[in-house]
2 protein chains.
Amino acid sequence: MAHQPVSLDPLDRKILAALVANARRSFVEIGQEIGLSPAAVKRRVDRMRESEVITGFTTVVRPSALGWRTEAYVEVFCEGAAPPRRLAEVARTYPEVVAAMTVTGGADALLHIRAADIEHFEEVLERIRAEDFVRRTNSVIVLTHLLPGSPDAGASAPPRGAEGVS
Amino acid sequence: MAHQPVSLDPLDRKILAALVANARRSFVEIGQEIGLSPAAVKRRVDRMRESEVITGFTTVVRPSALGWRTEAYVEVFCEGAAPPRRLAEVARTYPEVVAAMTVTGGADALLHIRAADIEHFEEVLERIRAEDFVRRTNSVIVLTHLLPGSPDAGASAPPRGAEGVS
DNA sequence: TGTGAAACTCACGGCCG
DNA sequence: CGGCCGTGAGTTTCACA
């Protein structure tokens, strides 16, 4: 596990592109598009999954259809030495936290949050600010996406990320 | 554009959850998991695609495997009235811009950017700052992700031959 | 709407160049 | 590695309740 050095040839990249565009396309279809037999395509896909170049296949859902109409990024400023471990723990407990990361700059961490509406977001924000290691937060609410179909415009799994491949 | 009022019953939601977890699962498998015939599952999926609850099926790729090892969020402060249209145009031309959105707060827009490395990122940033309507930018570089399995996957054309190093 | 059956297509493993 | 082939499973469409 944990392969870092993976080399991908042009054929692999074409297969990847095809599967990113549509994860449900058949190996036959992809094969005749790039000039390879279905079995060969499958072998390459299996290899890429093994080496974790491909980590899963997911469905892109329009978040608003599921009732998540508010999106925001929240900078978190921590008390004293930043405790990424504690923050990760907290982030995991909130289904509204789609992504969390430590960052450079003034803030210690950045949270990507999805909520049903502004009130819901405010409630989540209040709970996060109530954590003892949080000194201050700075929120930026997303108004409109400029790139339709961008991976995280709605690509993210709905709260509670699951991943698994048959 | 699309319909807003779409009602999803518990069965639809279960199908969605299954497909988000793994977009390549068969309708048969999903069907017997939730107690429905394969044909019924397919019809529901088709309906959800029609109503754009489901906007696509994609493959989750580990960005570093494609040579994208640097990730950043850039706040963009515009000159005069914010021209979202111009910004969208610009964002579309850069493969490095994974997402772009207008936001509340001091900045006019927020860009999500992926680059091969810091130098590459700096180059992109310089080009963006060179746009006439950009007054100022504020960058935040992502250090580490705290939530594993964050489906923020950018996969298109790889940057200049970055690949299996080390 | 959900079910059942039909034909078609695909995935998967084994074997060979 | 890639191509070929056979079997079993899945997909898709249809008519029917």
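Here the structure is a predicted model, which is why all the values come from computation and not from measurement. Lettering of chains follows the sequences in order, A, B, ..., and the numbering in each one begins at 1.
- The side chain of B:Arg44 places an N or O atom within less than 4.0 Å of a non-bridging phosphate oxygen (OP1 or OP2) of C:dG2.
- Using a 4.0 Å heavy-atom distance criterion, B:Arg47 is classed as making no nucleic acid contact.
- Overall bending of the helix from C:dT1-D:dA17 to C:dG17-D:dC1, expressed as the angle between end axes built from five pairs apiece, is 30° (10° steps).
- Rounded to whole Å, atom P of C:dC10 lies 14 Å from atom CD of A:Glu33.
- Atom CG in B:Leu11 sits about 15 Å away from atom C1' in C:dT3, given to the nearest Å.
- Checking side-chain atoms of B:Arg24 against main-chain N and O of A:Ala23 turns up a donor-acceptor pair under 3.5 Å.
- Among residue pairs with one or both ends in residues 93-107 of chain B, those qualifying as side chain to side chain donor-acceptor pair (under 3.5 Å) are A:Thr144-B:Thr102, B:Glu96-B:His120; sequence neighbours excluded.
- With sequence neighbours left out, the side-chain contact (heavy atoms from CB on, under 4.5 Å) criterion links A:Ala40 to A:Leu36, A:Ser37.
- Residues passing the side-chain contact (heavy atoms from CB on, under 4.5 Å) test with B:Val140 are A:Glu75, A:Val103, sequence neighbours excluded.
- Annotation: side-chain contact (heavy atoms from CB on, under 4.5 Å) contacts of A:Lys42 (sequence neighbours excluded): A:Phe27, A:Asp46.
- Each of B:Asn22, B:Leu19, B:Thr59, B:Val20 was compared with A:Thr58 under the side-chain contact (heavy atoms from CB on, under 4.5 Å) criterion, and only B:Val20 meets it.
- Under the rule for a side-chain contact (heavy atoms from CB on, under 4.5 Å), the partners of A:Arg86 that lie at least two apart in sequence or sit in another chain are A:Pro83, A:Glu89, A:Glu131, A:Asp132, A:Phe133.
- Applying the 4.0 Å criterion to OP1 and OP2 of D:dG2, one finds that A:Ser37 has every side-chain N and O outside that range.
- In this structure, B:Leu19 atom CG and D:dG10 atom C1' are separated by 15 Å, rounded to whole Å.
- Taking the side-chain hydrogen bond (donor to acceptor under 3.5 Å, both in side chains) definition, one finds that B:Gln32 meets it with nothing, sequence neighbours left out.
- In this structure, the CD1 atom of B:Ile30 is 15 Å from the P atom of C:dG2, given to the nearest Å.
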Letter by letter from the 5' end, nucleotides 11-17 of chain D scores (B base, S sugar-phosphate only, - none; protein heavy atoms under 4.0 Å) SSB----
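- Rounding to whole angstrom units, CG of residue B:Leu36 and P of C:dG2 are separated by 6 Å.
- Under the rule for a side-chain hydrogen bond (donor to acceptor under 3.5 Å, both in side chains), the partners of A:Arg44 that lie at least two apart in sequence or sit in another chain are A:Asp9, A:Asp12.
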